[in-house]
Amino acid sequence: MRGLHLLEGLNTAQRQAVVHAKGPLLIIAGAGAGKTRTVAHRIAYLIEGGVSARHILAVTFTNKAAGEMRNRVRSLGPNATGGALIATFHSLGVRLLREFHKEAGIPSTFTIWDRDDSIRALKKIIVDLDMGDMTPRSVLAAISRAKSDCLSGEAYAEQAVSFREQCITRAWDRYEKVLREEDALDFDDLLLRTLTLLNTSPNTLSLLQARWKYLHVDEYQDTNKAQYEIARLLAGETKNICAVADLDQCIYTWRGARLENLLEFEREFPNTTTVLLEQNYRSTRTIISAANSVIEKNVRRKPKKLFTERETGEAITLYAAENDIDEAWFVARAAQRFIARGMNPSSIAVLYRENFQSRALEEVFLHLNTPYRVIGTRFFERREVKDVLSYLRASLNPKARADITRIIASPPRGIGKVTLAKMLSGDALGGTVAKKVADFRATLHDIGRATDILPASEAVRFAYERSGIEAYIAKYIEGGAERAENIRELVNLSTRYDDEQPPQGILKLLEEAALQSDQDELEKPMDAVSLMTVHASKGLEFDVVFITGLEQGLFPAIRAESAERDPEEERRLFYVALTRARKRLFLSYATERMRWSSRERTLPSEFLEDIDSRLVESAKKEHVENERTIE
């Protein structure tokens with residue numbers, strides 16, 4: 001019988017999903033349960049069963065995931081390499097908008113703006129409209145969220161009530177005009193314009209429904225409203241849609257992901273066949289037991305219970321560190337021992353809730369000469385950190401043109417490129433522009449005086465305040481709490497130079513920042529321990545995983561802006577972190593953490609109480625030679 005070889009090696013639930021032929025199918029796939037393999041076999045099985053490959057569409061969220069899916073399908077034999085389209089939502093949008101550009105009312109040669117393009121355009125718009133209190137990033141975030149919720153600029157304007165919303169409406173209107181003038185679409189337009197095309201062109205929709213008779217949507221729990229509507233329309237009357245999802249791994253509601261899309265799937269698509277992939281092929285029984293006990297506390301979820309036939313494995317190690325430096329030493333020493341026993345460093349990952357936590361970890365890894373890489377922006381490369389360092393450098397060296405160019409608009413102070421060029425060349429300035437330049441120079445002079453008389457940590461903090469960055473981040477920047485936390489870490493770092501005679505402490509801090517960046521560039525990413533946020537770790541797996549900073553207020557995070565988030569999302573995030581580990585899992589927290597040059601007492605995360613104590617062993621404090629050299 002055709003296709004039987006595609007069922008070999010699959011478990012019962014996987015086979016059920018693969019052979020399902022008609023109507024809606026919901027695959028609830030737990031972490032490490034082989035979802036990619038299942039979907040690839042399903043696509044190949046449909047083709048082996050006589051379905052034309054060109055009638056199959058699969059969409060996911062990342063190019064990496066789409067590429068992996070294509071490779072899996074191709075590996076299943078010559079009959080599975082046909083014309084099935086496997087793409088991301090956004091690349092699908094580009095394809096359709098170019099093909100049906102006349103129906104969409106746009107040129108086929110439209111350009112696509114990335115985030116930086118959008119920010120640059122909005123920056124000029126805000127200046128032109130004299131909207132000094134608004135920032136390009138906050139305006140873009142509002143526009144992006146509205147578009148993902150299927151709102152046009154006109155629809156947003158109709159419901160705009162507050163002064164801020166009305167300002168965004170004005171900026172959005174001008175922004176769309178610029179896009180049109182340049183024949184461009186931004187990232188969110190690729191979804192919204194595609195949805196508009198499907199809603200306003202019945203002929204196009206009918207053609208696409210006939211073209212793709214079998215639709216697969218991966219990571220369905222992460223779909224926003226626009227993506228959900230696109231999938232619903234393409235599924236058409238036959239509703240041959242296969243959604244692969246795990247609500248327990250939905251960690252992007254703050255980006256517009258809607259839990260309702262998954263929770264209401266069976267209502268939207270009647271007669272759905274639901275298959276649970278609960279067998280985990282990744283982790284030990286100990287790790288799976290811990291993950292289950294954590295996530296079972298959530299109420300808004302599709303019930304499932306992971307199990308594994310793998311070995312029990314070693315107990316989870318819990319380390320109660322004295323402080324963040326002690327925690328970093330423990331993690332780095334443990335990683336070093338695994339590497340000494342022959343483990344490839346790339347099989348080890350260190351996870352944290354917030355980016356600022358990487359600083360102490362990076363320093364100890366460097367101190368021990370243990371190879372590592374930071375997935376994301378390195379500490380000294382983060383914008384707010386670089387800005388403060390640039391203020392310090394410019395205050396010490398008035399000829400530092402690159403630093404002055406960087407900070408002249410951080411925060412915005414109404415000094416444009418022409419004025420900047422005149423200022424740097426020494427040309428005479430007049431009027432209000434001269435006053436703004438004088439104020440900027442006074443700021444640098446004051447910071448320079450601070451570096452001459454204050455301890456290093458106090459000089460850093462003074463630069464953060466006097467520059468205006470602190471007030472600007474607090475008032476205008478979305479996610480400003482994390483940026484402020486990064487500056488706190490910079491202040492903490494500089495305390496080690498407080499005993500130096502000013503300004504030698506600042507000079508050594510600047511030197512360290514430059515040297516660490518240089519060493520980062522010499523890393524070999526393929527043979528290095530990975531340091532990353534839990535968000536960045538989704539979809540990855542490692543033999544050994546360290547989850548750090550398990551303290552109340554840090555993980556789970558407690559912030560004012562988190563009130564708008566799903567209250568269960570932090571627990572889902574912890575579940576994702578736990579299930580990245582294949583063999584060994586380490587959890588740690590610090591009883592004291594440095595913030596703003598002072599040590600604050602902390603409490604262990606409530607998540608630790610959810611794990612059966614029989615699964616956990618406590619690590620003892622070990623003597624670490626020369627530990628104080630980086631504290």
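- Taken from CD1 in Ile473 to CD in Glu485, the straight-line distance is 12.0 Å, to the nearest 0.5 Å.
- With hydrogens and angles left out, the side-chain atoms of Arg582 and Ser283 include no donor and acceptor closer than 3.5 Å.
- Residues Val388 and Ile487 form a side-chain contact, since some pair of their non-hydrogen atoms from C-beta on lies under 4.5 Å apart.
- If you take CD on Glu482 and CD on Gln357, they are separated by 9.5 Å, rounding to the nearest 0.5 Å.
- Counting heavy atoms from C-beta outward, Phe462 and Thr451 have side chains that stay 4.5 Å or more apart.
- Residue Asp130 places its CG atom among 12 or fewer non-hydrogen atoms of other residues, nucleotides or ligands, all under 6.0 Å distant.
- More than 12 heavy atoms of other residues, nucleotides or ligands shown are found within 6.0 angstrom of OH on Tyr252.
- Between the side chain of Thr591 and the backbone N or O of Glu322 there is at least one donor-acceptor pair closer than 3.5 Å.
- No donor-acceptor pair closer than 3.5 Å links the side chain of Gln504 to the backbone N or O of Gln501.
- Going from atom OH of Tyr175 over to atom OG of Ser118 covers 3.0 Å, rounded to the nearest 0.5 Å.
- With no hydrogens or angles considered, a side-chain donor-acceptor pair links Arg466 and Thr443 at under 3.5 Å.
- The shortest side-chain heavy-atom distance between Asp610 and Arg571 falls under the 4.5 Å cut-off.
- Residues Tyr391 and Ser410 bring no donor and acceptor atom of their side chains to less than 3.5 Å of each other.
- Note on Arg580 versus Glu541: no salt bridge recorded, every NZ/NE/NH1/NH2 to OD/OE distance being 4.0 Å or above.
- Contact annotation: the side chain of Phe330 approaches that of Thr317 to within less than 4.5 Å [non-hydrogen atoms, C-beta and beyond].
- Between Ser605 and Glu551, the side chains place no donor N or O within less than 3.5 Å of an acceptor N or O (distance only, hydrogens not considered).
- Contact record, Leu573 with Phe555: C-CZ, 4.0 Å, taken as the closest heavy-atom pair.
- Taking the six-membered ring where the residue is Trp, the centroids of Phe61 and His90 are separated by 6.0 Å or more.
- Listed here is the closest heavy atom pair of Tyr589 and Leu550: CB-O, 3.1 Å.
- The main-chain N or O of Glu606 is found under 3.5 Å from a side-chain atom of Gln552 such that the two form a donor-acceptor pair.
- Between the OG1 atom of Thr286 and the CD atom of Glu617 there is a distance of 10.0 Å, given to the nearest 0.5 Å.
- Under the 3.5 Å distance criterion, with hydrogens and angles disregarded, no donor-acceptor pair is assigned to the side chains of Glu327 and Tyr319.
- The environment of Asp499 atom CG is sparse: at most 12 non-hydrogen atoms of other residues, nucleotides or ligands sit within 6.0 angstrom.
- Asp498 places a side-chain N or O within 3.5 Å of a backbone atom of Ser457 that can act as its donor or acceptor partner.
- Rounding to the nearest 0.5 angstrom, the gap separating the CD1 atom in Ile404 from the CZ atom in Phe440 is 5.5 Å.
- Each of Arg255, Gln249, Lys538 was checked for a side-chain hydrogen bond (donor to acceptor under 3.5 Å, both in side chains) with Asp222, and the lone residue meeting it is Lys538.
- Within the 4.5 Å cutoff, the side chain of Tyr575 has no heavy atoms near those of the Ile251 side chain.
- Between the side chain of Ser537 and the main chain of Leu540, no donor-acceptor pair closer than 3.5 Å is present.
- Checking Asp188 against Ser144 by side-chain atom types alone, a donor-acceptor pair falls below 3.5 Å.
- Between Cys167 atom SG and Trp172 atom CH2 the span is 15.0 Å, to the nearest 0.5 Å.
- Not one N or O on the side chain of Arg593 forms a donor-acceptor pair closer than 3.5 Å with the backbone of Arg599.
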- Check step by step if side-chain contact (heavy atoms from CB on, under 4.5 Å) holds for Phe338 and Ile348. CA-CA 9 Å; Phe338 281 112; Ile348 304 172; 3.9 Å; yes
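- Inter-residue side-chain proximity for Ile547 and Phe574 is flagged as met; some heavy-atom pair is nearer than 4.5 Å.
- In this structure the side chain of Arg584 never reaches within 4.5 angstrom of the side chain of Asp543, judged on heavy atoms.
- Side chains of Asn492 and Glu489: a donor-acceptor N/O pair is present below 3.5 angstrom, by distance only.
- Within the 4.5 Å cutoff, the side chain of Val433 has no heavy atoms near those of the Ile415 side chain.
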